[in-house]
Amino acid sequence: MLKKDAATNWTEDYQKGFDRIKEYLSTLPVLVPPEPGKLAKWQILLSEFDIVYMTQKAVKGQTLTDHLAENPVGGEYEPLKTYFPDEEVALVGEYIAEAYHGWRMFFDGAANFKEVGIGAVLVSEIGQHYPVSAKLKFSCNNNNAEYEACTLGLNLVVDMNIQELLVIGDSDLLVYQVQGEWATKNTKILPYLYHVQEMMKRFMKIEFRYVPRI
């Protein structure tokens, strides 16, 4: 048809294709609010991109854990003069405090090309904080550091003979693996996983909860 000297015969197939184009252009798709029952579909599709919506709440225990992990106590330790802005409102949100009134433990690990720091904060039923931190002398990735931090905190809990505990961390890998929701064949992670699961047997009740870093 692009050749000017070629004969053109308008066939029935041409007409059907032309009608389909006209129909499509006359009924273009329009964005509308999601219908009830269909929103979960988009949540599943977006989950692979690690997109999470949360209301803006500060978690005091997680903030302390992040701070300890990034500033482990070493041989040349000097008192830090870090100022936490708005510390009077940096409280554990009601979505954690009201849902669980017992002992809680926050943990976190941070690894980079220079060093690895781990930290945990144990929070009592009346709000007392017991922080612990360490600097690892061997290299490991972030997932291993998270397990090291969790183990560090659990050792403190066991030493204090606490029988019921809520463990909170921002490592979805660790939380879901420990709860048996995610499987792993990583030979470097399995020893950590087995060790944490063995420590869990020392408690009358222990629960793990994933809280995104945001």
Side-chain angles (χ1 to χ4, degrees), residues 40 43-54 57 59-70 72 92-93 95-97 99-100 102-113 115-123 130-214:
Q43 290 179 330
I44 294 174
L45 293 176
L46 292 175
S47 62
E48 64 176 299
F49 301 104
D50 197 23
I51 299 176
V52 180
Y53 170 77
M54 292 187 64
K57 293 181 184 236
V59 182
K60 183 176 182 179
Q62 186 65 52
T63 303
L64 289 173
T65 304
D66 292 341
H67 177 70
L68 289 172
E70 295 173 1
V92 176
Y95 69 106
I96 292 178
Y100 196 91
W103 287 81
R104 289 159 289 156
M105 187 194 84
F106 296 85
F107 70 93
D108 195 21
N112 55 39
F113 67 95
E115 56 187 5
V116 181
I118 59 176
V121 177
L122 182 62
V123 185
Y130 302 88
V132 59
S133 65
K135 182 184 297 183
L136 303 185
K137 298 298 184 180
F138 55 90
S139 61
C140 63
N141 58 32
N142 282 317
N143 291 331
N144 291 1
E146 294 284 0
Y147 269 100
E148 289 281 356
C150 182
T151 302
L152 177 69
L154 289 178
N155 285 331
L156 174 64
V157 176
V158 171
D159 291 342
M160 297 180 66
N161 196 29
I162 297 169
Q163 297 298 313
E164 296 186 3
L165 180 69
L166 171 63
V167 182
I168 303 168
D170 63 0
S171 172
D172 54 349
L173 178 77
L174 184 150
V175 171
Y176 295 139
Q177 284 180 345
V178 169
Q179 294 181 143
E181 298 181 28
W182 289 4
T184 179
K185 297 181 180 179
N186 189 330
T187 56
K188 295 183 179 180
I189 292 294
L190 284 174
Y192 286 109
L193 175 61
Y194 296 152
H195 181 65
V196 172
Q197 290 177 338
E198 283 296 319
M199 297 188 71
M200 292 170 60
K201 298 178 181 179
R202 304 185 183 185
F203 297 88
M204 295 179 57
K205 177 183 177 182
I206 183 171
E207 177 185 351
F208 283 76
R209 185 175 302 175
Y210 165 60
V211 177
R213 179 173 293 273
I214 189 173

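- Residues Phe106 and Val123 meet the side-chain proximity criterion, which asks for heavy atoms closer than 4.5 Å.
- Of the inter-residue distances, the one linking Leu173 atom CG with Leu193 atom CG reads 9.0 Å to the nearest 0.5 angstrom.
- In this structure, Asp170 CG and Phe107 CZ are separated by 7.0 Å, a value rounded to the nearest 0.5 Å.
- Pairing each heavy atom of Ala145 with each of Ala110, the nearest pair is CB-N, 4.2 Å.
- Here Asn161 pairs with Gln163 under the side-chain hydrogen bond (donor to acceptor under 3.5 Å, both in side chains) rule; sequence neighbours left out.
- Once rounded to the nearest 0.5 Å, the distance linking CG of Asn141 with CG of Asn144 reads 4.0 Å.
- Take Gln179 and apply the side-chain contact (heavy atoms from CB on, under 4.5 Å) test, not counting sequence neighbours, and it matches Val175, Tyr176, Glu181, Phe208.
- Residues that satisfy the side-chain contact (heavy atoms from CB on, under 4.5 Å) test with Asn186, not counting sequence neighbours, are Thr184, Lys188, Ile189.
- From Arg202, atom CZ reaches atom CD1 of Ile162 across 13.5 Å, with rounding to the nearest 0.5 Å.
- Leu122 contributes atom CG, which lies 5.5 Å from atom CG of Leu156 (distance to the nearest 0.5 angstrom).
- The shortest side-chain heavy-atom distance between Val167 and Val178 does not fall under the 4.5 Å cut-off.
- Under the 4.5 Å side-chain criterion, counting only non-hydrogen atoms from C-beta, Asp108 is in contact with Glu146.
- Annotation: salt bridge (Lys or Arg N to Asp or Glu O under 4.0 Å) contacts involving residues 191-200, sequence neighbours excluded, comprise Glu198-Lys201.
- Closest non-hydrogen pair, Val157 versus Met105, comes out as CG2-SD, 4.0 Å.
- Taking 4.5 Å as the limit, some side-chain heavy atom of Val196 sits within range of a side-chain heavy atom of Thr151.
- For the atom pair NE2 of His195 and SG of Cys150, the computed distance is 9.5 Å after rounding to the nearest 0.5 Å.
- The side-chain contact (heavy atoms from CB on, under 4.5 Å) search around Phe138 returns Leu136, Cys140, Glu148, Tyr192, not counting sequence neighbours.
- For the pair Leu174/Tyr210, no side-chain contact is recorded, criterion being any heavy-atom separation below 4.5 Å from C-beta on.
- Across all non-hydrogen atoms, the minimal contact from Ala149 to Gly109 is CB-N, 4.0 Å.
- Inter-residue side-chain proximity for Leu154 and Leu165 is flagged as met; some heavy-atom pair is nearer than 4.5 Å.
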